[in-house]
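Data first, discussion second: the structure below is written as structure tokens.
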Protein chains: 2
Amino acid sequence: MRHADQNPDVDQLTLTDVLAALSDPLRVGLVRLLADGEEHNFGDFAVPVAKSTLSHHLKVLNTAGLTWRREEGTRCYIRLRRDDVDARFPDLLDTVLSAADRDDVGGHVTTPGKPAAEC
Amino acid sequence: MRHADQNPDVDQLTLTDVLAALSDPLRVGLVRLLADGEEHNFGDFAVPVAKSTLSHHLKVLNTAGLTWRREEGTRCYIRLRRDDVDARFPDLLDTVLSAADRDDVGGHVTTPGKPAAEC
DNA sequence: TTCGATGTTCGCTGAACATCGAACAACCTA
DNA sequence: TAGGTTGTTCGATGTTCAGCGAACATCGAA
């Protein structure tokens, strides 16, 4: 269940890798969901692709340094690496997320039932 | 000398296309040079690739909506579409250019002799 | 131990992309 | 008219990428 090179070091992040990771609508949709700051796992993403494809996209986000992942038993929890990305590329994530929200980029990425939370 | 679909309309620009165009170090280098706001042509770019490759990259930037091009005789003048991009995706270009400057992304893209200008 | 849930990895495919050199078109100039 | 300059387009080549299903590993629960 482990990736070869997970959670790269902050100073290994490159601008072009981050931009490449964000140049796919599905991945932008994932990042928008992750932008709540919470930890998520696969079940939290309702995407119109096979689970192997979802795994691939989440791996791209992780190796680009956009997400942090942590394993617990058979689940892996994923969270946006906002502070690290902000430290490395100030304002980039905010700017992209704002634009993505305005245009609803990756809007086909939703959450399933998600029981209204806050309880 | 004409491209099929040049200078796309402002509201045709998509976030992911722009980010994809900016996910290549060479193209980021070109954009950094273009960030002076001036018009440039091929001769202004000293890049370590064949001229057909340079043509390709400039076309990618143009179809993504990042540059404006204008033909005059046998030369084509290229300029950054900063106002349009800013209108469509506020702060994005500034943010990316700042990060690119800090990391010197695309630093291998330079200007040749460039006779000190301002005369 | 057996089953279900959760993700990863492994081929595999078709599409897209970066790169080159060569050929071409358009224009300017001598 | 003959060259030279400027940039585009056209194969060709090799790489990367998105996508799938199938197989696998791991864990918790029955």
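Quick note: numbers below take in every heavy atom, side chains included, and nothing from hydrogens, waters or symmetry partners. Within every chain, numbering begins at 1; the chains are lettered A, B, ... in the order of the sequence lines, protein sequences first and strands thereafter. Here the structure is a predicted model, which means the values were calculated and not measured.
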Practice prompt. Would you kindly compare B:Lys51 and B:Ala20 by the position of their nearest DNA chain C nucleotide and give the one closer to the 5′ end?
Written response: B:Ala20
Discussion item. In whole Å, I'd like the distance from the CG atom of B:Leu54 to the C1' atom of C:dA18.
Written reply: 13 Å
Discussion item. Quick check on D:dG7: is either OP1 or OP2 less than 4.0 Å from any side-chain nitrogen or oxygen of B:Arg70?
Written reply: no
Worksheet item: What's the NE2-P distance between B:His56 and D:dA12, to the nearest Å?
Response: 19 Å
Worksheet entry | B:Leu26 CG to C:dC17 C1', straight-line distance once rounded to whole Å | 14 Å
Worksheet item: OP1 or OP2 of D:dC17 sitting under 4.0 Å from any side-chain N/O of A:Arg27?
Response: no
Discussion item. Taking B:Asp103 first and then A:Arg88, would you say they form a salt bridge - that is, a charged N and a carboxylate O separated by under 4.0 Å?
Written reply: yes
Worksheet item: Do B:Thr53 and C:dT19 have a side chain to base donor-acceptor pair shorter than 3.5 Å?
Response: no
Response to the item:
Side-chain contact check for A:Val60: nearest option of D:dA18, D:dG7, D:dT26 is D:dA18
Worksheet item: Any N or O donor-acceptor pair linking the side chain of A:Ser52 to the base of D:dG21 at under 3.5 Å?
Response: yes
Item to complete: Specify the separation, in whole Å, of atom CZ of B:Phe45 and atom P of D:dG7.
Response: 10 Å
Worksheet entry | Candidates D:dC20, C:dA18, D:dT5 - which lies nearest the side chain of A:Ala50 | D:dC20
Worksheet entry | Donor-acceptor contact below 3.5 Å, side chain B:Thr53 vs main chain B:Val49 | no
Discussion item. Any salt bridge linking A:Asp104 with A:Arg32? Criterion: basic side-chain nitrogen under 4.0 Å from a carboxylate oxygen.
Written reply: yes
Item to complete: Look at the side-chain N and O atoms of A:Lys59 and state whether any lies under 4.0 Å from the OP1 or OP2 oxygen of C:dT9.
Response: yes
Discussion item. Could you check whether A:Asp36 pairs with A:Arg79 (Lys NZ or Arg NE/NH1/NH2 to Asp/Glu carboxylate O, under 4.0 Å)?
Written reply: no
Worksheet item: Between A:Leu22 (CG) and D:dA18 (P), how many Å, whole number?
Response: 12 Å
Worksheet entry | N or O in side chain of A:His57 less than 4.0 angstrom from D:dG19 OP1/OP2 | yes
Worksheet item: Does the side chain of A:Ser55 get closer than 4.0 angstrom to OP1 or OP2 of C:dT8 through an N or O atom?
Response: yes
Worksheet entry | Separation of atom CD in A:Glu71 from atom P in D:dG28, rounded to whole Å | 13 Å
Practice prompt. Could you tell me the separation between the CG atom of B:Leu61 and the C1' atom of D:dG7, rounded to a whole number of Å?
Written response: 16 Å
Practice prompt. Check the distance between C:dG7's P and A:Tyr77's OH and give it to me in whole angstrom.
Written response: 8 Å
Worksheet item: Would you say C:dC28 has OP1 or OP2 under 4.0 Å from some side-chain N or O of B:Arg75?
Response: no
Practice prompt. Using both distances under 3.5 Å as the test, list the Watson-Crick or G-U wobble partner of D:dG28, or none.
Written response: C:dC3
Worksheet item: Would you say A:Leu26 and A:Val60 are hydrophobically clustered, going by side-chain heavy atoms of ILVMFWY under 4.5 Å?
Response: no
